Amino acid sequence: MTRLADRMARVGPSPTMRVPIAAERLRRRGVEVVDLGVGEPDFATPAHVKAAAHAAIDADFTRYTANAGAEELRAAVCARYRADFGVEYTPAEVIVSAGGKQALVNAALALFGPGDEVVTHAPGWPSLVQQIALAEATPVVVRAHADEGFALGPDAFLGAVTPRTRGFVINSPCNPTGAVMPEAALAQIADVAADRGLWLVLDLCYDRLMYDDASPNLPRVVAERARDRGVLCGSASKTYAMTGWRCGWALAPASVVAACNAIQSHSTSNVSSITQRAALAALSGPQDCVAAMREEYRRRRDAAWALFTAHPRVRAAKPAGAFYLFLDVTDALAPESVRTSAELADRLLDDHHVAVMPGEAFDAPGFLRVSFAAPLESLREGAARLHALIDAVAPDSDRRATPAR
Ligand code: PLP
């Protein structure tokens, strides 16, 4: 039998990869899949960003760069955060990584270790828990609840603190719920982090995709209250429709950045030089493409929310950020047919050719995640087919239907 390292007992592949693989298998058989499963923009990368990448190749900007990213790109990250959030960081406090994912795993490996407890949340993006486990620390998962709009309040986080707590890892806007942490909530957590010397790692990969006028400025809260303890992780992936380019970053105290740099220097080294030039154009060029995409997501969010919750057995809060609806389908499950949301998602894909992500992937059974980074027509079709499936699997149930909220 293959003997793997002990850590593999704690770490598994990302459960969000399963649905895209199954959908791809169907596509290869010639089936047209309505894809509401993937967590990525359906827009093309903006033209000026692509042009910068072409120019980088033509100028032979194709060698290794500084491991933490070219100086001008790190300066552009600082300038973007200054303009958008009013916070001051220097290039020595920035590292550019292969997506927000690498920025986050670097931080977990640099800050957490055996015997440490790290408080994070569910429903949540599965990699955050797995990265803590990869660092051989213990994830302590606090729960947000559907009937509170999945609000991420400070009490649950602070109530989970023990003498072994080493830090917090918080994602806002949250994948999969779309919930956004208010500034006041983060301020309370940041004060405790500063007071007790705990790390505060924020996954802000969707922070340019918030739909309310008074969106919270979480980087400023961290910079003002826990600058020495805060790690801000961001990404070009969702903001600029650049998922495949692999570019993210962390802003943190220089000593933390140096530690992340050491880890990255022994794994992937610098992000592709061509991607770096593209990201430089994205961050320092015109930002109207970001606003235009956000407005389109907002339109789709409103339409998708109305479409999916039109069925009395489907409920959802309207998400304040990111591009997912997190549907409560517990009223659509039936013990004698489709018992779990994972089974419902499988049936929806296998029989109705609609890909959505089961809540189980986010530690939230009873839910389905629907991406509205998809054309309106696909959302309309997806809602109709989900409703038809629900009517077919639980037509006579006397379960009391609860109105959408
Ligand atoms: N954080 C969250 C919550 C995500 O959903 C994702 C991607 O889906 C990431 C971070 C990482 O994205 P990337 O590595 O493409 O920047």
Side-chain angles (χ1 to χ4, degrees), residues 13-20 35-43 45 49 69 73 77 80 94-108 120-132 134 139 141 144 150 152 168-181 201-210 218-219 231-251 260 264 267-268 271-272 275-276 278-279 282-283 290 297 319-326 355-357 359 361-364 369-374:
S14 175
T16 57
M17 299 293 181
R18 204 176 68 81
V19 168
D35 198 345
L36 309 177
V38 290
E40 63 179 342
D42 60 326
F43 296 109
T45 301
V49 175
L73 178 54
V77 172
R80 188 76 268 138
V94 176
I95 176 167
V96 176
S97 299
K101 192 176 255 186
Q102 190 183 24
L104 286 156
V105 79
N106 281 344
T120 187
H121 51 94
W125 185 53
S127 292
L128 297 179
V129 165
Q130 294 279 309
Q131 290 174 351
I132 295 165
L134 196 58
V141 179
F150 294 108
L152 292 169
F168 304 94
V169 178
I170 298 172
N171 170 222
S172 175
C174 175
N175 172 11
T177 66
V180 167
M181 178 171 267
V201 178
L202 290 194
D203 174 355
L204 301 169
C205 288
Y206 295 89
D207 67 354
R208 305 283 297 284
L209 296 177
M210 287 193 264
L218 301 186
V231 181
L232 308 176
C233 296
S235 172
S237 289
K238 323 285 175 172
T239 306
Y240 300 104
M242 290 180 69
T243 46
W245 297 77
R246 310 310 300 133
C247 186
W249 47 80
L251 297 89
C260 293
Q264 190 168 300
S267 53
T268 57
V271 169
S272 151
T275 286
Q276 289 192 50
L283 287 162
V290 178
Y297 290 134
F323 42 55
Y324 309 105
L325 291 181
F326 205 46
V356 299
M357 213 57 89
F362 308 96
D363 194 6
R369 190 195 75 176
V370 169
S371 166
F372 56 84

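Ligands are counted one by one from 1 in listed order, and the atoms in each one are counted from 1 as well. What you are looking at is a predicted structure, and each value in this text was computed from that prediction instead of being measured. Note that the numbering runs from 1 along the sequence shown for the chain.
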Would you say [X] has any N or O atom under 3.5 Å from an N or O of ligand 1, going by distance alone?
X: Y206; answer: yes
X: Q102; answer: no
X: G100; answer: yes

Does a side-chain heavy-atom distance below 4.5 Å link [X] with [Y]?
X: F326; Y: P319; answer: no
X: Y324; Y: Y206; answer: yes
X: K101; Y: R246; answer: yes

> Do other residues, nucleotides or ligands put more than 12 heavy atoms under 6.0 Å from R18 CZ?
Replying inline: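 Open: at most 12 neighbouring heavy atoms sit under 6.0 Å from CZ of R18.
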> Quick one: SG on C260 to CD on Q102, what's the gap to the nearest 0.5 Å?
Replying inline: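 CD of Q102 is found 9.5 Å from SG of C260.
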Number the atoms of ligand 1 from 1 as they appear, then name those within less than 4.0 Å of a heavy atom of [X], with their elements.
X: S237; value: 13 (P), 15 (O), 16 (O)
X: N171; value: 3 (C)
X: S235; value: 13 (P), 16 (O)

> Considering only heavy atoms, which of L204, N175, D203, V38 lies nearest to atom 2 (C) of ligand 1?
Replying inline: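 Nearest heavy atom to atom 2 (C) of ligand 1 lies in D203.
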> Can you tell which of K101, R246, K238 gets a heavy atom nearest to atom 8 (O) of ligand 1?
Replying inline: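 Comparing heavy atoms across K101, R246, K238, the nearest one to atom 8 (O) of ligand 1 lies in K238.
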>> For atom 4 (C) of ligand 1, what is the closest protein heavy atom, and at what distance to 0.1 Å?
In response: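 Answer, as residue, atom name and distance: W125 CE2, 3.5 Å.
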> Of the options F323, Y297, Y240, which is the one that meets F43 in a ring-ring contact (aromatic ring centres under 6.0 Å, His included)?
Replying inline: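 Passing option: Y297.
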> What are the two closest heavy atoms between L152 and M181, and how far apart are they?
Replying inline: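 The pair with the smallest heavy-atom distance is O-CE, 3.2 Å.
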